[in-house]
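Below is one structure, written out as structure tokens; the observations come after it.
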Amino acid sequence: MDILAVACALVATALYCNTLQAGFVYDDRRAILTNPDLLASTPWYRLLENDFWGTPLTERGSHGSYRPLCVATFRLNHFLGGLEPWGYHLVNVALHAACTVLVVKVARKVLPGRSNLAHAITGFLFAVHPIHSEAVAGIVGRADLLACFLTLTSFLTYSAHCNRTRSPFPLLLALVSSTLATLAKETGISSLALCLLWELCRGEPTRKSNCGFTRGRSVGILSGGLALLALGRLRLAGSRPEFASADNPTARHPSRLTRGLTFLYLPAASARMLLCPSTLSFDWSMDAVPRITSPLDPRNLESVCLYAALIGAAFWAVKSLRRPRPRDSMASLLQQQTYPRSVSSRCPVCAGRRTGGCHTDGCRAANNNNNSPLGDCHCAKRPSSNGGVNGVNAGGRQTTATAVAVSLGFLVLPFLPASNLFFYVGFVIAERILYLPSVGACLVVGAAVSGCYRIARKNGSRTRGRAVLLGTAILIGVMSTKTLVRNTDWRDEESLYRSALHVNPPKAYGNLGSILSEQGRVAEAEEAFVQALRYRPNMADVHYNLGILQQGRKNYDEAILSYQRAIHFRPSLAQAYVNLGAALISVGRGTEAAAVLRAGASLDGSGLKDKRAHEAARVQALLQLGALYADQGRLQRALSAYREALRALPDHYPPQSVYNLLGETLSRLQQYAEAERWFQASLASQPDHVPAHITYGKLLARNSSRVLEAERWFLRARRLAPDDPSVHHHYGLFLTSQGRLVEAAEEQLRAAELSRSDYELSVAAASALRQADRRDEAEVWYRHAASLRPHEARSHTNLGAILHLNGKYKQAAAAYKEALRLQPGDATTITNLHKLAAILA
């Protein structure tokens, strides 16, 4: 058992235990809560046809991210635990711990020297690095965790193939792991490139083994596999996915100079986050990273330093690796040195080399890399041409060069697909894509610190060596603290968005407003939306969400303006048309509402990211249009709108509501037989659809021979929704029609109590109580209705009437006069007032 690897994994697990109590945040909603590929009703093969968010890859609006393996793990989580977040977080934490173990193993393979210090620093730094919080604490980061785990597995199994007589099984396992890594996330394609880099850096001479594999054959298989993965991925992706200009503003900038300088700077900004993760954010879009428009911008110095360091390190590594290895002069060394027959006969490697046999692991390797300059045989201390022992001095530099090259490979190769340097992607910087490149950064830091410590000890300064160790311990402690703090940001969405207010204010304020609105904190939500629009006035989603907030507060005029602005900035936002139509209806602008709803229903959804939501909004626009026509008494037009909605109905939209509305409209048109068929279709589609129970019961109640059947449907609705006030209200109306006034009064009273703010239900309860001769209770509810709408004449007329009946004549007269003040000349009120005057006279 590797004690160091286990210790690093335990530290990684302990740091992220607090994420197990977190919920779904940010992208988790779309990837899990609304992703149809997680449902058991969705065939498994759909995972191979859809992108990461459940959109078919063939659609223009697809994100283009093909990660079926990651989605399959989400689906397994959903099967085992439904939508309980802790199970998803548990898998992420376990994957991070497993990746930490593999990072330690890679460090033992790549970094030179016998000391465990470099390996320990690499492992602990990877376990505690704050840049990993997004990938581990955010559930959608599982794609990066899986890709990293499988990439490291591929690298380790291929290195085993190189060290174990080039056995075909590790090579096959490396190819399979690389394919799975690519199916987890696109960055996994770098796994085979890393294997190729390892093969080329090792510099093992070409020799055929008994296993039938040579170095050239292995390289050919790796190259072919890499080409096939790349071509397959490009074929699946098709055309490059479209993205909004706000996601990557620089990509749409007209100046080539600005684009070039900015995109050259972004890798430097990512490297700075790896080395000093002091500022982190869930999102870096919307100019969170300001564009570089001039060569004089000081940030260009960061770019120059990064590329100079990378090029210098790569040049040194290539130069060192091209030097002849001591094993290349083996023949001359053997001629200079004569070994006792007893030594060579005892060593199976030496004997195998004399007879041309297969290389074995019979002798101890010179270092953890199994990459000694004289092969893998250390039977005797052999003098080197430069006076060293076993060629260590000559081979040590090449071993170090291999470590540098492979570490830089882990740092650079996985980052290239997301760098924007070769093709544009839909983001500027993303912390979770740095999860795999951070392996290279940790290897570099581990090697550098270990080297400093060796130099300090070599110079005889124990104090300096202890200072190096103390500084490293402080660094790991600070990183751990930062990770714990960052994990609390990912605990819930409010904390996450508040943590980014100083980095990306428009995005953070906009998202924060949505969360506060869901929590009912209306004033705070409105302030957040206003702040977001101050930073970026063209945010259609924020205008739309602000409109919803204002509409809920019955500020219809302001809501209408917000919806209109949302449509102006994004004409394809279909849901804004639906809500704008509803707001216009609320203020009596029915003609405008009809035009807006018709426009929303006619929108083309091609090229949109969330086509499912767009299709659902189009259906809702048609249903809202039909309801408007029905309220206006234009039943044929309403029926046409509902039939159009039925034709536009997508597979994912529940059809029972459309069926029920068709049945209700047909019933009003007295086409009872066809209406009954649609009611039955609605109930067949969803047997517990309460509105269909009510409307079907109302239809059956028209036929005196089916009254008992009708009541059974009302009673079923009441059992299904005992706290739904509309169910009790409609059942009360049915009982009233049957002359069962006492029972009707109880049902209407229950409905009003369930929704005390509903004016119509309060009036209905008061009327039912009056008909049941419960006048005192009726007076209470008429007073309550008048308090809900004190400026409506009908409220005071009704209150005056019940006071009149209860013998409270002076109060009744006052109520009648208030009604006439609000609505002069009302015939009913005048008649009642005359009757009251006659009684008083």
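Atoms considered below: every heavy atom in the structure, side chains included; atoms not considered: hydrogens, waters and symmetry mates.
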Of all heavy-atom pairs between [X] and [Y], which one has the smallest distance, and what is that distance?
X: Y577; Y: L597; result: O-CD2, 3.8 Å
X: R612; Y: P36; result: NH1-CG, 3.6 Å
X: S602; Y: R598; result: OG-O, 2.9 Å
X: A251; Y: R259; result: O-CD, 3.9 Å
X: Y16; Y: V93; result: O-CG2, 3.7 Å
X: G510; Y: A532; result: N-CB, 3.6 Å

Check: [X]/[Y] side-chain N/O donor and acceptor closer than 3.5 Å:
X: S657; Y: N660; value: no
X: D283; Y: Y26; value: yes
X: S65; Y: E186; value: no
X: S281; Y: N504; value: no
X: N77; Y: R142; value: yes
X: N545; Y: S514; value: yes
X: Q620; Y: Q575; value: yes

Would you call the rings of Y535 and Y509 parallel, tilted or perpendicular if under 30° counts as parallel and over 60° as perpendicular? parallel
Mind telling me whether H129 and H132 have parallel, tilted or perpendicular rings, with 30° and 60° as the class edges? tilted
Under-4.0 Å salt bridge between [X] and [Y]:
X: E760; Y: R794; result: yes
X: E818; Y: R821; result: yes
X: E494; Y: R521; result: yes
X: R432; Y: D27; result: yes
X: R498; Y: D489; result: no

Quick one, [X] and [Y] - any side-chain contact, counting heavy atoms below 4.5 Å?
X: T258; Y: I292; answer: no
X: K482; Y: S133; answer: no
X: S562; Y: Q551; answer: no
X: P505; Y: Q531; answer: no
X: Q624; Y: I585; answer: yes
X: H78; Y: Y88; answer: yes
X: I429; Y: L266; answer: yes
X: R272; Y: L275; answer: no

Under a 3.5 Å distance rule, please check whether [X] uses its side chain to pair with a backbone N or O of [Y] as donor and acceptor.
X: R536; Y: K507; result: no
X: N538; Y: F569; result: no
X: S762; Y: D758; result: yes
X: N35; Y: A31; result: yes
X: R491; Y: L496; result: no
X: S517; Y: G513; result: no
X: H253; Y: S255; result: yes
X: N487; Y: L15; result: yes
X: K185; Y: R67; result: no
X: S438; Y: A441; result: no

Evaluation steps, side chain to side chain contact (heavy atoms under 4.5 Å, CB included), between L261 and L257: CA-CA 6 Å; L261 293 176; L257 177 65; 3.7 Å; yes
Go through E134 and R486 one step at a time and tell me if the salt bridge (Lys or Arg N to Asp or Glu O under 4.0 Å) criterion holds. CA-CA 9 Å; E134 180 173 351; R486 184 59 176 161; 5.6 Å; no
Using the rule given for side chain to side chain contact (heavy atoms under 4.5 Å, CB included), can you reason through E792 versus L822, listing the C-alpha separation, both sets of side-chain angles and the distance that settles it, and then say yes or no? CA-CA 7 Å; E792 186 165 325; L822 293 170; 6.0 Å; no
Can you tell me how far [atom2] of [Y] sits from [atom1] of [X], rounded to the nearest 0.5 angstrom?
X: R618; Y: D604; atom1: CZ; atom2: CG; answer: 8.5 Å
X: R299; Y: L264; atom1: CZ; atom2: CG; answer: 12.5 Å
X: I139; Y: C70; atom1: CD1; atom2: SG; answer: 10.5 Å
X: R783; Y: L788; atom1: CZ; atom2: CG; answer: 14.0 Å

Go through it in stages, so that I can follow the logic: the residues are N300 and S303, the test is side chain to side chain donor-acceptor pair (under 3.5 Å), and I'd like the CA-CA distance, side-chain angles, deciding distance and then a yes or no. CA-CA 5 Å; N300 290 321; S303 305; 4.8 Å; no
Begin with the C-alpha distance, continue with both residues' side-chain angles, and end with the deciding distance and a verdict on side chain to side chain contact (heavy atoms under 4.5 Å, CB included) for T187 and F415. CA-CA 7 Å; T187 52; F415 181 77; over 6 Å; no
Would R637 count as a cation-pi partner of Y629, with NZ or CZ less than 6.0 Å from the six-membered ring centre and within 45° of the ring normal? yes
Verdict with supporting geometry, H96 and Y435, ring-ring contact (aromatic ring centres under 6.0 Å, His included): CA-CA 10 Å; H96 179 54; Y435 188 83; 5.8 Å; yes
Assess whether ring-ring contact (aromatic ring centres under 6.0 Å, His included) is satisfied between W781 and H784, documenting all intermediate values. CA-CA 5 Å; W781 283 99; H784 179 68; 5.5 Å; yes
Please evaluate residues R553 and E558 with respect to the criterion salt bridge (Lys or Arg N to Asp or Glu O under 4.0 Å), reporting the C-alpha separation (whole Å), side-chain torsions for both, the decisive distance (0.1 Å), and the verdict. CA-CA 10 Å; R553 301 170 72 177; E558 296 179 19; over 6 Å; no
Begin from the C-alpha positions of Y66 and F52 and carry the test ring-ring contact (aromatic ring centres under 6.0 Å, His included) through to its verdict. CA-CA 6 Å; Y66 187 67; F52 188 52; over 10 Å; no
Take atom CD in Q632; do more than 12 heavy atoms of anything else shown fall under 6.0 Å from it? yes
Is there a ring-ring contact (aromatic ring centres under 6.0 Å, His included) between Y563 and H543? Walk through the geometry before answering. CA-CA 6 Å; Y563 292 138; H543 284 293; over 10 Å; no
Would I567 and L573 satisfy side chain to side chain contact (heavy atoms under 4.5 Å, CB included), going step by step from the backbone distance to the final call? CA-CA 6 Å; I567 293 170; L573 187 56; 5.6 Å; no
